[in-house]
2 protein chains.
Amino acid sequence: MPTMIRARPLVVDVHRDPGVCLHCQARPYSVCNVIGDDDLDRLGQAAVTVTVQPGYSFIQEGDPAEHFFNVTSGTAKLFKLLPDGRRQVTGFAGVGTFLGLAVSTSYAFSAEALDVVRVCRFSRTKLRGLLDDFPALEKRLLEVASNELVVAQEQMLLLGRKTARERLASFLIARTALLPHCQGQNGKAGGASSKEQLHLPMTRSDIADYLGLTIETVSRTLSRFKGEKLIEIPSNTEILVLRHDTLEELATGLS
Amino acid sequence: MPTMIRARPLVVDVHRDPGVCLHCQARPYSVCNVIGDDDLDRLGQAAVTVTVQPGYSFIQEGDPAEHFFNVTSGTAKLFKLLPDGRRQVTGFAGVGTFLGLAVSTSYAFSAEALDVVRVCRFSRTKLRGLLDDFPALEKRLLEVASNELVVAQEQMLLLGRKTARERLASFLIARTALLPHCQGQNGKAGGASSKEQLHLPMTRSDIADYLGLTIETVSRTLSRFKGEKLIEIPSNTEILVLRHDTLEELATGLS
DNA sequence: CGTGTTATTGATAGATTTCAATCAATGTGG
DNA sequence: CCACATTGATTGAAATCTATCAATAACACG
């Protein structure tokens, strides 16, 4: 049975500030990067900045979808619930993630902060206006949505057809791809070790709900990876990837 | 082990015809419906009509994504494969479905015709031009993509957290929603029977790969539904839904 | 009508879940 | 500063759902 406590959509801090967009550290990763410096204030005026404390949610599945969000710092988990409490985490939203694309009148998922999360919040109507004025923004959103679609299909493959080991390997590999130095990080030679350190802001329970497994299976599988010297587990929130390519093979179903 | 035979991307018939769009029976269900009658020829000139025979595929996962497609008749299955042949069907594309939204340079999935499928094919570059000229089309595509995203998240919930019974029930309910007379089809009173007849163009194997199960589990579960008088199975391709609301409860996890 | 494909049904096996206990990390209050 | 409680993670044993293996049965098609 999941926690379900403190799942109030409590939002802590709201403020607005002209010119923030220009120096926003999330800008290079966000849809905003298609807006020129000159027009950026126009964008900023349509948004408010919201800070969400860990454990609190800022989107509730089923609620009327009045806002769009852009994550500027921190990580949130996105999830859907069944009436009896079973949960499916559909994704983790990091810096630059645009949320709320659900066209319908209500949100299709909930979003809860894993650490302190800051988001830019746009009202539906104001964003509509922005899209009319900036066709490039609309194009960018289509791009974003298409990419998410590809990711979702990959996740369906994982959930429908991969073993627990393959799921965990896929998860770890996907996480390494998010690391800042995300290219040429390991040699091609078989068995080359790379030592990538992952920070996991989510709990084992979140990982389980993301991969369609139980906490216990996640824990057991990671322990086995550790025993096989594929990873190290310095702490509950850190994982050191020792054999990237072995995990990658596992993730794709080879072996 | 899946079939894997005749998975050649064989396309059978190609022809073009000015003015076809105007009388296309798929128009009301397609993205084209945002284009006015006057501009419709412009759209038609950018497309070619392709007929695909059952069992043949017109999109191959991994191939360079040179075209977009719009299904005008028939049904196709969309799927991804693991190297060892495990398959995940990510969706079924019926009349009006727009395909190829993958932004990247290569397709993220394969598409294979279940029955005779006709599609409108657009080259990437020509569609790009159309989008520049018709902002409404771009808006519509964003709408389509967002909707598919919602559907994909629902499918993740199914694959990650639902039981075999719940998956089959969800599948049947989703299929009834596609029926032409798709509103007010059954009374609210508990236990009301509705008798909706479903035509299933896909095999049990396709259903299994769609729901993350095996053929045997699909067959057994349907047989059990039959034994419980929830459905009838007049033929391999037809299913009669006797108790829509009972199945709906099952689908949502209330059982 | 054979003949091959697809679907059903049965028996068994196996991967993951469930139930349960232990351990570790963190925080509280006397 | 140290018992005590709380939460999250790990590990073990048993149960269960679904997969696998295997045999029929139903169907489509030439």
Side-chain angles (χ1 to χ4, degrees), chain A residues 1-6 54-55 77 82 84-88 114-115 158-169 200-227 231-239 250 253, chain B residues 1-6 53-55 77 82 84-88 114-115 158-169 171 200-228 231-239 250 253 255:
Chain A
M1 206 80 338
T3 334
M4 298 282 271
I5 307 169
R6 74 187 179 181
K77 66 177 172 197
L82 285 172
D84 64 358
R86 278 175 287 174
R87 174 166 46 193
Q88 179 65 36
L114 293 174
D115 39 30
L158 180 149
L159 292 169
R161 289 301 180 219
K162 289 187 183 178
T163 66
R165 268 171 80 79
E166 289 164 353
R167 293 182 200 202
L168 260 303
L200 303 179
M202 68 292 288
T203 67
R204 298 288 187 269
S205 179
D206 295 330
I207 298 174
D209 287 341
Y210 180 55
L211 299 177
L213 301 169
T214 59
I215 311 179
E216 294 93 330
T217 301
V218 169
S219 188
R220 268 185 257 272
T221 305
L222 288 178
S223 294
R224 197 168 150 209
F225 282 169
K226 187 172 66 178
I231 63 171
E232 280 173 24
I233 309 180
S235 85
N236 280 346
T237 59
E238 302 288 322
I239 286 189
L250 248 174
Chain B
M1 203 84 336
T3 334
M4 298 281 271
I5 307 170
R6 73 189 178 178
Q53 295 301 319
K77 67 177 174 197
L82 285 172
D84 63 358
R86 278 175 286 174
R87 174 167 46 193
Q88 179 65 36
L114 293 174
D115 39 30
L158 180 150
L159 292 170
R161 288 299 178 221
K162 289 188 183 177
T163 66
R165 268 172 79 79
E166 290 164 352
R167 292 181 202 202
L168 261 304
F171 175 69
L200 303 178
M202 67 293 287
T203 66
R204 298 288 187 269
S205 179
D206 294 331
I207 299 174
D209 287 342
Y210 179 56
L211 300 177
L213 301 169
T214 59
I215 309 179
E216 293 93 329
T217 300
V218 169
S219 187
R220 265 186 260 273
T221 306
L222 289 178
S223 294
R224 200 170 147 206
F225 283 169
K226 187 172 64 177
E228 296 167 336
I231 63 171
E232 281 174 23
I233 311 180
S235 84
N236 280 346
T237 59
E238 303 288 323
I239 285 188
L250 248 174
S255 86

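Note on naming: letters A, B, ... go to the chains in the order of the sequence lines (proteins, then strands), and numbering restarts at 1 for each one. Keep in mind that what you see is a predicted model, and the values were worked out from it rather than measured.
- For A:Thr214, the side chain to side chain contact (heavy atoms under 4.5 Å, CB included) partners two or more places apart in sequence, or in a different chain, are A:Glu216, A:Thr217.
- Of all the heavy atoms in B:Leu250 and B:Ala169, the pair that sits closest is CB-CB, 3.7 Å.
- Under the rule for a side chain to side chain donor-acceptor pair (under 3.5 Å), A:Ser219 has no partner lying at least two apart in sequence or in another chain.
- In terms of phosphate contacts, A:Ser223 brings a side-chain nitrogen or oxygen within less than 4.0 Å of OP1 or OP2 of D:dT11.
- If you take CD1 of B:Ile239 and C1' of C:dA7, they are 12 Å apart, rounded to a whole angstrom.
- A:Asp206 has its CG atom 16 Å from the P atom of D:dT7, to the nearest Å.
- By the salt bridge (Lys or Arg N to Asp or Glu O under 4.0 Å) test, B:Arg161 pairs with A:Asp209, sequence neighbours left out.
- In this view, B:Glu228 and B:Arg165, B:Arg224 satisfy the salt bridge (Lys or Arg N to Asp or Glu O under 4.0 Å) rule, not counting sequence neighbours.
- Residues that satisfy the side chain to side chain donor-acceptor pair (under 3.5 Å) test with B:Thr237, not counting sequence neighbours, are B:Ser235.
- Proximity of residues 162-169 of chain A to DNA chain C (heavy atom under 4.0 angstrom from any strand atom) is restricted to A:Thr163, A:Ala164.
- If you check every strand for non-hydrogen atoms under 4.0 Å, A:Ser219 touches a base.
- Counting heavy atoms from C-beta outward, A:Leu82 and B:Lys162 have side chains that approach closer than 4.5 Å.
- Following rounding to the nearest Å, A:Arg204 (CZ) and D:dT10 (C1') show an atom-to-atom distance of 9 Å.
- Per the geometry, CG belonging to B:Leu222 stands 17 Å off P belonging to C:dT6, to the nearest Å.
- Rounded to whole Å, atom P of C:dA24 lies 15 Å from atom CD1 of A:Ile233.
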Test side chain to side chain contact (heavy atoms under 4.5 Å, CB included) applied to B:Leu159 and B:Gln88, step by step: CA-CA 11 Å; B:Leu159 292 170; B:Gln88 179 65 36; 3.7 Å; yes
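- Computed from coordinates, the A:Ile215 CD1 to C:dC19 C1' distance equals 13 Å when rounded to whole Å.
- Per the geometry, CD1 belonging to B:Ile207 stands 12 Å off C1' belonging to C:dT6, to the nearest Å.
- Judged as a side chain to side chain contact (heavy atoms under 4.5 Å, CB included), and not counting sequence neighbours, the contacts of B:Ile215 are B:Arg204, B:Ser205.
- In this structure, CG of B:Leu211 is placed 14 Å from C1' of D:dT18, rounded to the nearest angstrom.
- Within the model, atoms CZ of B:Phe171 and CG of B:Leu211 stand 6.5 Å from one another, a figure rounded to the nearest 0.5 Å.
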Counting primed atoms plus P, OP1 and OP2 as sugar-phosphate and everything else as base, spell out the protein contacts along nucleotides 19-30 of chain D at 4.0 Å heavy-atom distance: B, S or - for each nucleotide, 5' to 3'. SBB---------
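- The end-to-end axis angle of the helix from C:dC1-D:dG30 to C:dG30-D:dC1, rounded to 10 degrees and based on five pairs per end, is 30°.
- For A:Glu238, the side chain to side chain donor-acceptor pair (under 3.5 Å) partners are A:Gln197, A:His199, not counting sequence neighbours.
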